[in-house]
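Because the structure is predicted, anything quoted here is derived from the model rather than measured. Numbered from 1 within each chain, the chains take letters A, B, ... in sequence-line order.
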Number of protein chains: 2
Amino acid sequence: MAKTKKKKESEWATATNERLSEAGFRRGGARAAVVSLLDEQSCALSAYEIEDLLAQRERAVGRASIYRILEELDELGVVAKVELGQGQARYEPVRPDHHHHHLVCDKCGAVIAFDDAPLERAVHSISKRVDFAVEGHEIVLHGLCADCR
Amino acid sequence: MAKTKKKKESEWATATNERLSEAGFRRGGARAAVVSLLDEQSCALSAYEIEDLLAQRERAVGRASIYRILEELDELGVVAKVELGQGQARYEPVRPDHHHHHLVCDKCGAVIAFDDAPLERAVHSISKRVDFAVEGHEIVLHGLCADCR
DNA sequence: CTAGCGATGAGACTGATTCTCAGGCTAGTT
DNA sequence: AACTAGCCTGAGAATCAGTCTCATCGCTAG
Ligand SMILES: [Zn+2]
Ligand SMILES: [Zn+2]
Ligand SMILES: [Zn+2]
Ligand SMILES: [Zn+2]
């Protein structure tokens, strides 16, 4: 058998690995572990969460490598770095069919994903109108989650 | 004459000082200087920019005080803390009649303000639909400014 | 199998923000 | 005006996320 990966990788991991090799990156254990972990996520994780999860579940990866790899993936456009005003960045796999934004509870820090077509339309409309080459957008709604109210 | 302030304060400073006293805060030189400086701003400044500007123009204020005061003002809802993904927070006076969002140049860091009614409508519409008490929102468009393209 | 060079990670370093706590000053009180 | 409780300030230490350095590891082409 060619594959002996822990869990079968999804479309995202496949596409990501392809982009990585296209971009000239060699294979490496640290990067494979990060990609594998992100592949299982539907929403964003912080670098420290990634570090902890990797140490527990997959394979410990140095902090420097985690940040380096996340930056590479962000530049390749396969990972999005989102800043939710919590003093730390979060990273999530980019899946065009699951584009979404976030609701952040100011009390407990909970992060909830949502998507809305009219909102996206408004953003795209603006992007075309301004004298600015818009490459991405981030929308965060702050407030209190159901539990914290 | 009752007033000998450097420049006549605008509606924002007046309302802010009122809220501060309502909230039980005493007067103080550091806070007055920060409020006065913010009152002149139409868009966001970073804590360091505020520190430098105060040291030059108004009255030097300790860094700890600047952060403490900005946090108080943010909690009172008269200042908005905006995180534009530049590794530092920025703060701007909240003027309901000048609600806006930001375009950030990923190359030179330029920040440009914009506002859009359809976008706000979409956000408010979402706010009503989710099981979440939305208290604010932040929208950032990333890309390259006209100069950097 | 081996050389060449990218990949990795321990730990030092940076920069922003927060904390601590010893005075300074405001706002009532007498 | 003088007095005082307790908020207001700010210098400097402490934190913390994130970045850099560089010796070492391990792919992979040949
Ligand atoms: Zn998400
Ligand atoms: Zn909550
Ligand atoms: Zn602004
Ligand atoms: Zn620019």
Expressed in angstrom and rounded to an integer, what is the separation of A:Q86 atom CD from D:dA17 atom P? 12 Å
Round to a whole Å and report the spacing from CD1 of B:I69 to P of D:dC7. 16 Å
Quick check on the hydrophobic clustering: are B:V78 and B:V94 connected, directly or via other members, by side-chain heavy-atom contacts under 4.5 Å? no
Angle by which the axis turns from one end of the helix from C:dC1-D:dG30 to C:dT30-D:dA1 to the other, five pairs per end, to 10 degrees: 30°
Just call it for A:G29: base, sugar-phosphate, or nothing, with non-hydrogen atoms closer than 4.0 Å on any strand. sugar-phosphate
B:R27 atom CZ, neighbour heavy-atom count above 12 within 6.0 Å: no
With a cut-off of 6.0 Å (strictly less than), are more than 12 heavy atoms of other residues, nucleotides or ligands near NE2 of A:H98? no
Spacing of A:L70 atom CG relative to C:dG9 atom C1', expressed in whole Å: 15 Å
Salt bridge or not between B:R90 and B:E83? Use side-chain N to carboxylate O under 4.0 Å. no
Check this for me, if you would: do A:E72 and A:R31 make a salt bridge, where the nitrogen-to-carboxylate-oxygen distance has to be below 4.0 angstrom? yes
A:L73 CG to C:dA7 P, in whole Å, measures 12 Å
Is it the case that more than 12 heavy atoms not belonging to A:E22 sit under 6.0 Å from its CD atom? yes
In whole angstrom, give the distance that lies between atom CD1 of A:I66 and atom C1' of D:dC16. 16 Å
B:H124 and B:H137: side chain donor to acceptor below 3.5 Å: no
With B for base contact, S for sugar-phosphate-only contact and - for none (protein heavy atoms under 4.0 Å), nucleotides 12-30 of chain C reads ----BBBB------BS---
A:R19 and A:E75: CA distance, side-chain angles, deciding distance, salt bridge (charged side-chain N to carboxylate O under 4.0 Å, His left out) verdict: CA-CA 11 Å; A:R19 291 247 200 151; A:E75 277 169 16; over 6 Å; no
Expressed as a whole number of angstroms, how long is the span from B:L20:CG to D:dT9:P? 10 Å
